[in-house]
Amino acid sequence: MADILVYSEKADAALELVAKGREWAAELGLGLSAACLGAGAAEAASALAAHGADRIFVSDAAFDGLPADTVAAALAAAAAEAGATVVLIASTRRGKELGGRVAQKLGAGCVSDVNALTLEHGELVADRYAYGGATVAREVITTAVKVFAVMPKTFAVGDPVAGAGAVVPLPAPAASAVRVVGRRAKEGEAVDLTAAPRIVGVGRGFAARDDLRLGTELADALHAELACTKSLADFEWLPESRILGLSGAKTKPDLYLAVGVSGQIQHTVGVSSARLIAAVNTDKEAPIFALADYGIVGDLYAVVPALVAKLQSL
Amino acid sequence: MSLDIVVCVKTNPDAQMIRIKNREPVLEAIPYKVGDLEKNALEAALQLRDAAGGGTIRALTVVEGDRKIRETIKEALAMGADEAVIVADPALAGADQAGIAAALAAAVAKIGACDVLLFGEGSTDNYSGQVGARVAELLGWPQIGYAKKLALAGGGIEAERSMDEMIETLAAPLPVAVTVVSEINEPRPISLMNILKAGKKPVTEWTLADLGLDAVGAQKRIVSNLAEEQDRKHVLFAGAVDEQVDAFVNALVKEGVVGR
Ligand SMILES: Cc1cc2nc3c(=O)[nH]c(=O)nc-3n(C[C@H](O)[C@H](O)[C@H](O)COP(=O)(O)OP(=O)(O)OC[C@H]3O[C@@H](n4cnc5c(N)ncnc54)[C@H](O)[C@@H]3O)c2cc1C
Ligand SMILES: Nc1ncnc2c1ncn2[C@@H]1O[C@H](COP(=O)(O)O)[C@@H](O)[C@H]1O
């Protein structure tokens with residue numbers, strides 16, 4: 001029997017994929033398998049079984065750091081065992097790098113960063129951004145085995161189901177030459193930009209880190225959340241959790257006010273669904289104005305203090 | 001120590017120049033340029049080679065057609081790559097990540113001298129992040145994705161990589177495939193002098209047949225590729241700063257997004 005095979009190193013993301021995989025497996029007459037690898041694999045396996053996986057391939061071998069080469073080898077072994085025709089992986093950074101490697105092993109086509117995956121006339125159609133976010137490509141994989149790396153939270157976790165999946169032990173693959181030397185948590189507070197009704201975005205128009213104070217004051221005056229371009233996160237001026245765009249948050253606020261932001265496509269894809277877009281930029285040719293409802297061509301160092309004063313006087 | 005590095009460089013349509021007409025992207029007459037993250041990869045190669053004290057840096061690119069590739073790849077040579085290798089073949093038209101990866105892997109094998117193989121974490125237009133992993137698999141090499149810091153250590157490479165929630169430090173022996181993220185460095189600007197010098201650097205061109213490869217067909221079908229509709233007001237306020245700000249805030253108040 002052919003199967004849909006689900007894997008993620010993140011327990012929640014695996015459950016999301018299992019929920020949707022179960023639905024499609026029923027519709028397509030396939031079985032549903034999952035794989036759990038590394039420390040804690042046995043526990044993760046029972047959660048997946050409780051959510052409807054028919055078979056769970058488990059290896060609690062030392063997958064230290066989950067190196068892409070060994071994880072891909074283990075997953076390919078599970079896919080062969082299950083006769084998997086569809087492999088669903090969560091498109092985390094680990095999942096994305098794994099996707100290419102395992103697809104290559106399986107002779108499979110792969111779509112990564114999938115933000116919608118739908119079953120249409122018996123075919124899985126994957127949506128992802130193309131041209132830096134300028135367009136949305138809808139793609140169908142034509143190889144016998146299909147690998148999709150799907151963004152976490154694309155699907156909801158389902159309810160537990162009756163019946164228990166079978167646990168199938170997986171032999172440990174050859175060790176990777178890659179060794180984990182150390183690990184540390186990323187700095188930066190968690191913010192949910194997608195929940196903010198108003199967002200002020202700051203970019204490289206700010207000449208120094210300290211000047212971001214102006215951005216914060218403006219955000220406060222607007223009762224808005226502060227966000228930024230990738231450039232400022234690269235400088236470590238603001239945490240990655242505040243990036244808007246292709247590699248950050250995709251939001252739909254009532255108001256997005258971009259200050260000192262050029263508005264390149266990889267950024268604006270994160271705000272193009274805003275009800276209103278406004279911008280402050282010295283360059284009247286800046287691409288952000290092509291997307292803006294309201295704009296001020298001017299120097300943020302003069303405009304922002306005046307804006308703050310005006311907003312506070314309301 | 002001498003370190004030979006191959007940097008996989010893609011030339012992409014300049015995303016900023018893509019116009020949308022009836023929701024369709026218009027790609028005619030769009031300039032092509034070296035991908036943003038591949039510039040980071042080139043900069044990383046230059047720094048690693050300096051640290052090693054010697055070695056050759058080759059920029060490797062795969063294209064289906066002409067795309068003025070000899071011109072565009074000069075950007076990589078002007079940044080400091082010593083040589084360029086171009087795999088150009090009309091049979092690559094329609095190839096997706098698997099086809100590109102097959103050509104890249106075969107070219108790396110033919111080049112032979114490669115201790116570190118560098119990629120961007122994603123290409124500027126596709127951003128699929130697959131090609132590096134596929135090439136590593138084809139070569140049977142270990143891979144390190146999302147490097148934000150690279151150093152030579154213990155005869156191999158040590159990398160800090162930026163994952164979703166953590167910074168992970170990995171060590172790998174050579175040869176190794178590495179993909180880099182944008183925060184790894186600020187690519188050096190290209191001087192006029194170096195553009196002139198770039199014209200004299202060696203450029204090798206191969207076809208798929210030179211690599212012993214047949215065309216690799218596409219593994220995907222594009223159902224559609226359309227832009228979202230955008231309908232914006234495009235109001236710019238003129239006058240002195242205070243006048244601009246007054247009119248701007250009044251407009252936002254009227255829209256009901258600020259004020260009580
Ligand atoms: C694969 C890939 C993924 C990416 N993902 C993202 C992403 O998710 N999010 C993201 O943001 N970027 C992303 N980028 C980067 C993106 O392409 C741009 O480089 C980035 O968004 C530019 O940031 P910026 O607007 O802050 O800087 P710049 O482009 O340098 O723009 C600065 C702007 O400030 C203006 N300015 C300067 N001084 C002043 C002043 N005194 N007052 C007012 N205005 C001033 C300038 O006119 C200019 O328009 C990605 C890139 C790639 C290749
Ligand atoms: N046609 C190509 N020629 C050379 N290198 C490429 C090509 N396509 C992709 N790459 C490399 O693979 C990386 C990831 O590309 P992608 O999988 O398209 O996101 C890029 O940053 C490049 O380093």
Side-chain angles (χ1 to χ4, degrees), chain A residues 65 68-69 92-94 96-97 99-101 104-105 109-112 125 130-132 134-143 176-186 198 222 230 234 246 254-255 264-265 272 276-277 287 291-298 302-303 306-307 310-311 314, chain B residues 15-16 18 20 25 97-98 101 124-131 133-134 136-138 142-146 158 163-173 182-183 219-228 230 232-237 241-242 244-246 248-249 251-252 255 257-259:
Chain A
D69 53 353
T92 58
R93 286 198 159 185
R94 280 188 212 282
K96 216 177 146 178
E97 81 172 342
R101 189 129 192 174
Q104 188 62 39
K105 262 189 198 301
C110 172
V111 188
S112 54
V125 183
Y131 298 121
T135 58
V136 175
R138 311 201 73 223
E139 305 185 2
V140 169
I141 300 176
T142 52
T143 47
S176 174
V178 179
R179 202 163 42 80
V180 179
V181 178
R183 242 181 231 139
R184 62 175 201 274
K186 261 190 187 170
R198 284 170 298 275
L222 273 170
K230 187 153 180 291
D234 284 354
L246 190 62
D254 292 330
L255 172 67
Q264 293 182 51
I265 188 69
S272 55
L276 281 182
I277 296 180
L291 197 71
D293 294 291
Y294 298 106
I296 295 181
V297 178
V303 172
L307 262 178
K310 172 81 184 172
L311 287 164
L314 289 182
Chain B
Q16 216 45 59
I18 298 177
I20 302 294
Q97 291 89 357
T124 305
D125 55 352
N126 268 335
Y127 199 47
S128 88
Q130 285 183 42
V131 169
R134 284 181 179 272
E137 171 63 25
L138 282 163
Q143 73 186 77
I144 296 178
Y146 308 102
E158 196 169 288
M163 304 309 281
D164 297 298
E165 278 115 18
M166 64 168 83
I167 306 290
E168 195 171 62
T169 308
L170 299 180
S182 61
E183 63 254 46
Q219 298 183 321
K220 284 178 282 196
R221 177 163 54 80
I222 309 291
V223 177
S224 63
N225 188 10
L226 298 173
E228 291 167 37
Q230 284 290 340
R232 299 287 171 187
K233 300 194 176 74
H234 306 298
V235 178
L236 292 184
F237 299 102
V241 169
D242 281 348
Q244 287 177 305
V245 164
D246 278 357
F248 181 83
V249 172
L252 296 188
E255 293 277 4
V257 288
V258 302

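Numbers restart at 1 for each chain; the letters A, B, ... are given by sequence-line order, proteins then strands.
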Can you tell me which portion of A:Ala292 sits under 4.5 Å from chain B's heavy atoms? Options are side chain, backbone, both or neither. backbone
Measure B:Phe237 against the heavy atoms of chain A and call it side chain, backbone, both or neither at under 4.5 Å. both
Value for CD (B:Glu137) from CZ (A:Arg101), rounded to nearest 0.5 Å, stands at 4.5 Å
At a heavy-atom separation under 4.5 Å, does B:Ile20 approach chain A through its side chain, its backbone, both, or neither? side chain
Between A:Tyr131 and A:Ile265, is any pair of side-chain heavy atoms under 4.5 Å apart? no
Please look at B:Val257 and chain A and tell me whether the side chain, the backbone, both or neither of the residue comes under 4.5 angstrom of a heavy atom of that chain. both
Does the A:Glu97 side chain pair with the main chain of B:Gly145, one donor and one acceptor, at a distance under 3.5 Å? yes
Output for pair (B:Gln143 CD, B:Leu170 CG), nearest 0.5 Å, gives 10.5 Å
Relative to chain B, which segment of A:Ile141 carries a heavy atom at a distance below 4.5 Å: side chain, backbone, both, or neither? both
If I measure from the heavy atoms of chain B, does A:Arg94 come under 4.5 Å with its side chain, its backbone, both, or neither? both
Mind ranking A:Asp69, A:Val297, A:Leu222 by heavy-atom pairs under 4.5 Å with chain B and telling me who comes out on top? A:Val297
What verdict does the side chain to side chain contact (heavy atoms under 4.5 Å, CB included) test give for B:Val131 and B:Arg134, after you've listed the backbone C-alpha separation in whole Å, the side-chain angles of each residue and the deciding distance to 0.1 Å? CA-CA 5 Å; B:Val131 169; B:Arg134 284 181 179 272; 5.7 Å; no
Would you indicate whether the side-chain heavy atoms of A:Leu246 and A:Lys230 approach each other to under 4.5 Å? no
Interface check, chain B: of A:Ala68, A:Ser272, A:Cys110, most non-hydrogen pairs under 4.5 Å belong to A:Cys110
Measuring heavy-atom distances to chain A, does B:Phe248 have an atom under 4.5 Å in its side chain, in its backbone, in both, or in neither? side chain
How long is the gap from NZ on B:Lys220 to OG1 on A:Thr142, to the nearest 0.5 Å? 9.5 Å
So what's closer than 4.5 Å to chain A heavy atoms on B:Asp164: side chain, backbone, both or neither? both
With a 4.5 angstrom heavy-atom cut-off, which part of A:Val125 approaches chain B: side chain, backbone, both or neither? side chain
Pick one of side chain, backbone, both or neither for B:Gln230, based on which atoms fall under 4.5 Å of a heavy atom in chain A. side chain
Measure A:Lys96 against the heavy atoms of chain B and call it side chain, backbone, both or neither at under 4.5 Å. both
Roughly how far, to the nearest 0.5 Å, is the CD1 atom of B:Ile222 from the OG1 atom of A:Thr135? 9.5 Å
Less than 4.5 Å apart, side chain to side chain, heavy atoms only: is that true for A:Lys186 and B:Glu165? no
